[in-house]
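Working notes, structure below.
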2 protein chains.
Amino acid sequence: MSPAPAHVAGAGMVRFGKYPAEVTLESMALGAARAALADAGAGLGSVDGLYVGHVFGGPVAGQRIAAQLGLDGRPVSNHENYCASGATAVREAWVALAAGLHDVVLVIGVEKMTDRVAGGVRPDPGDLDAAVGYVMAAGHAMSARRYLADHEATREQIAAVAVKNHAHSVHNPWAQYRKPISLDQVLGARPIAEPLGLLDCSPISDGAAAVLLCNPAGLRRLGIAPTGPRVRGVGLVSGSVQTGLGDINAEDVSRRAGKEAWRLSGVEPGEIDLVEMHDCFTIAEIVRMEGLGLVPHGRGAAWAAEGMTALGGRLPVNPSGGLLSRGHPVGATGVAQVCELTWQLRGTAGGRQVDGARTALAYCKGGTVNGTDGGSVTTVVMTA
Amino acid sequence: MSPAPAHVAGAGMVRFGKYPAEVTLESMALGAARAALADAGAGLGSVDGLYVGHVFGGPVAGQRIAAQLGLDGRPVSNHENYCASGATAVREAWVALAAGLHDVVLVIGVEKMTDRVAGGVRPDPGDLDAAVGYVMAAGHAMSARRYLADHEATREQIAAVAVKNHAHSVHNPWAQYRKPISLDQVLGARPIAEPLGLLDCSPISDGAAAVLLCNPAGLRRLGIAPTGPRVRGVGLVSGSVQTGLGDINAEDVSRRAGKEAWRLSGVEPGEIDLVEMHDCFTIAEIVRMEGLGLVPHGRGAAWAAEGMTALGGRLPVNPSGGLLSRGHPVGATGVAQVCELTWQLRGTAGGRQVDGARTALAYCKGGTVNGTDGGSVTTVVMTA
């Protein structure tokens, strides 16, 4: 038995970016929450509970947000799964609606990184991989090198992911970056972990996103017709990227996360019209799409370069601009992806609209990149 | 509609206490998890997902635990609601079972405080109350002073809570403290925030607790009869302790949490045979029991002194020793309470058994004590 779908009654964001200290975590969350409520035409009084995804907000951040929002008293829970925290909050909310615990819930993903994680996310002191230099960027650089060695792929093709995603977010008012970048800019950017340069990496960002989810009883309460985008299922898996000592790009965790997505949603991979993919690094978008089985093995870089994953292409990936260009306030990302899918499935995404989008997938990866522990992947499947 | 009850197939703990650095958060969680699985006679292969409550374990602590436990790959989520984190994880697990997302789930509450929170939990830098000295202990001291002024109660009666709870945990092999203490010891202890002294305050602790929960399909998978303790419902509320500018001891949050407990469980307050109560301070046990409506207003201190809330009394509170004597590793406490209720409802609690226990309540409070934000209270109702 799979829990029943949840309707997305409203979606809202504050623009991702870098904000000064006086723009607090709470104020960003409030902005997104109010936008989602306004989008649904719903008042605060209709909200049964609050699910908050964040990593660095400190204890009971969700309760601070609830109090300032005017939801004092309501059930509030905080959900942490690193960069998949927001999507994990969506998952718990979906389940609560299906179980009948609540009928209308507000899900907020939020992060203030520029204050809290100055200079970037630091590895845990006990992380032995990181202690010898195997940090996130190094892991993805190894992934890129292995990819180039194993397939008929080029550095330029990998860089094409950044060019594509920045081109998409020109049309996204919520994106941190809204200027197109050239292939030469990506190739000539400051090296981070070769072959990856600065523009192959997602930025440090602040931001918040929110969705109002409901079950059929909630729809009736809100006076909303049972049409429009629905969360059909949210997969969650953990564990190693690769299998055993095999290929660093085997993406076993993505394969398993995809399987959960199709099992829980009843949707077939071939039905997916667009993907919001966790492109924390250019190469990550490529190997994860392949791991899901949505792009043929070894062809992801070529697909990016050929426009197959661009707007107007065969399977658009990250019409929002993705983490690379919309930005990546870690706890907010999973909810922002659900906002983007909602707008795409409604057909209201403006200049970045995927024509005829009916079925979509959002993917988040939290925790270590290639280690044997600490990872989590979420897969949200939505239909129009 | 209230989600269906969850069966407790197994419960296990590691003894609460202060452990050296080499006893890691992960190793404590593993000890509790293995004890819960052994108690259920269940193998790791039967576990569908892992719900982990902690506050200070750092990002994706649950995934690190899962990997070391041998549950790599399974869905893992981390839940934070300060001192109610463990109970919040129980809540999300209960809901997931009711929704049919999972059939058998492992819930772990864990905290390593002696390493991570040396010297005690510090208030958030933005906490204006704390900046002027209104920290946890000060708030509870004010609560005690107000209680003494408002009711025919004495300092000795408040101290009786500590004497009682330490007497109980003489019989609890999982408790941090297992020696009885005298009234004179409580009254003569080093002052912390007058009238409260050291023995009126719960200690800094390390520890872990785990329960294996399942729905009817899970029971069939485990080959367990559908008898034994069940989680009937888990209430969760947030918000202010008092109402408006009224009495600091009005305990509106407890009143509301109790209402949620009865609503979700279908159990009446009069049916409760014993309570595991969040006695972070002696006075807190008193005012929270009153707030729930389980002890008459203004009579809680007298009830403690008269043995009404002791083992053998009218309504035993904290047969385990409570936070004061079992200890309080914050993320672990809510799950440890559910372990204690399980053993009590099975009739296997040995020297601390409440005779004929059929229905029980566990209460956790996380976040600020008297502030207008940041608080959360959970109420777990279980039946035999």
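Lettering follows sequence order; numbering is per chain, from 1. Nothing here was measured: the structure is a model prediction, and the numbers come from that model.
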Q.
Quick check: closest heavy atoms across Ala99(B) and Pro3(A), and the distance to 0.1 Å?
A. O-CG, 3.7 Å
Q) Is chain A contacted by the side chain of Leu71(B), its backbone, both, or neither, given a heavy-atom distance below 4.5 Å? A) backbone
Q) Taking atom CD of Glu80(B) and atom CD of Glu80(A), what is their separation to the nearest 0.5 Å? A) 9.5 Å
Q.
On a heavy-atom basis, which atom in Ser238(B) and which in Arg74(A) lie closest, and how many Å separate them?
A. OG-O, 2.6 Å
Q) Measuring heavy-atom distances to chain A, does Thr88(B) have an atom under 4.5 Å in its side chain, in its backbone, in both, or in neither? A) side chain
**Q.** Shortest non-hydrogen separation from Val60(A) to Asn81(B) and the atoms involved
**A.** CG1-C, 3.8 Å
Q) Which atoms of Leu97(A) come close to chain B, meaning under 4.5 Å heavy atom to heavy atom: side chain ones, backbone ones, both, or neither? A) neither
Q: Output the option from Leu236(A), Val237(A), Asp252(A) having the highest count of non-hydrogen pairs under 4.5 Å with chain B.
A: Leu236(A)
Q.
Assess the residue pair Leu264(B) and Leu101(A) against the criterion (side chain to side chain contact (heavy atoms under 4.5 Å, CB included)); give the C-alpha distance rounded to whole Å, side-chain angles, the decisive distance to 0.1 Å, and a yes or no.
A. CA-CA 9 Å; Leu264(B) 288 167; Leu101(A) 178 68; 3.9 Å; yes
Q: Heavy atoms only: give me the nearest Gln63(B)-Ser376(A) pair and the separation to one decimal.
A: NE2-CB, 3.4 Å
**Q.** Toward chain A, the part of Val55(B) with a non-hydrogen atom under 4.5 Å
**A.** side chain
Q: Please report the shortest heavy-atom distance between Ser240(B) and Asp72(A), naming the atom on each side.
A: N-OD2, 3.7 Å
**Q.** Pair Ser77(A)-Glu92(B), side chain to side chain contact (heavy atoms under 4.5 Å, CB included): steps then yes or no
**A.** CA-CA 9 Å; Ser77(A) 47; Glu92(B) 307 293 351; 3.2 Å; yes
Q. Which heavy atom in Pro75(A) sits nearest to a heavy atom in Arg91(B), and how many Å separate them?
A. CB-NH2, 4.1 Å
